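Here is the structure we will look at.
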Amino acid sequence: MRDVVHVHVTKDLPIRARALPFADRVEIRFGKAFPVVLIADRLALDSLAEAIETGRRELDAANRPGENRQPEDK
């Protein structure tokens, strides 16, 4: 089984992106001193953006008062 890498992205974490046209990819760097790099093929960019947007919509829905709450046990 493969290990999982967790990268906690915060508001203050430096994030830089640059195109790698020779490879038809985008490089996204998280952090400065010991950066983690995500390399995404051009064909994967739409699904990556969609996954992020789906997560954002789920967070927004979960944070709306009165919505998505579990019924209390009585």
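Since this is a predicted model, take the numbers as computed values, not measurements.
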D60: partners by side-chain contact (heavy atoms from CB on, under 4.5 Å), with sequence neighbours left out: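 Per chain and number, D60 pairs via side-chain contact (heavy atoms from CB on, under 4.5 Å) with R56, R64.
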side-chain contact (heavy atoms from CB on, under 4.5 Å) against P21, all qualifying residues, sequence neighbours excluded: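 Testing P21 for side-chain contact (heavy atoms from CB on, under 4.5 Å), a comparison that skips the adjacent residues, returns A19.
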Residue list, salt bridge (Lys or Arg N to Asp or Glu O under 4.0 Å) with D24, at least two apart or on another chain: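 Partners of D24 by the salt bridge (Lys or Arg N to Asp or Glu O under 4.0 Å) criterion, ordered by chain and then number, come out as R42.
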Residues clustering with L48 (ILVMFWY side chains joined when closer than 4.5 Å, directly or via others):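 So far as hydrophobic clustering goes, L48 is joined with V5, V7, V9, L13, I15, V26, I28, F30, V36, L38, L45, I52.
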Sequence neighbours excluded - side chain to side chain donor-acceptor pair (under 3.5 Å) pairs with any residue from residues 5-18: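 Pairs touching residues 5-18 that pass the test: R18-E27.
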Sequence neighbours excluded - salt bridge (charged side-chain N to carboxylate O under 4.0 Å, His left out) pairs with any residue from residues 45-54: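 Listed by first then second residue: nothing to list.
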Cluster link I39 to V4, ILVMFWY, side chain under 4.5 Å: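 They do not share one cluster, since no chain of ILVMFWY contacts under 4.5 Å joins I39 to V4.
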Gap separating the CD atom of E58 from the CG atom of N63, nearest 0.5 angstrom: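 So the gap between those two atoms works out to 12.0 Å.
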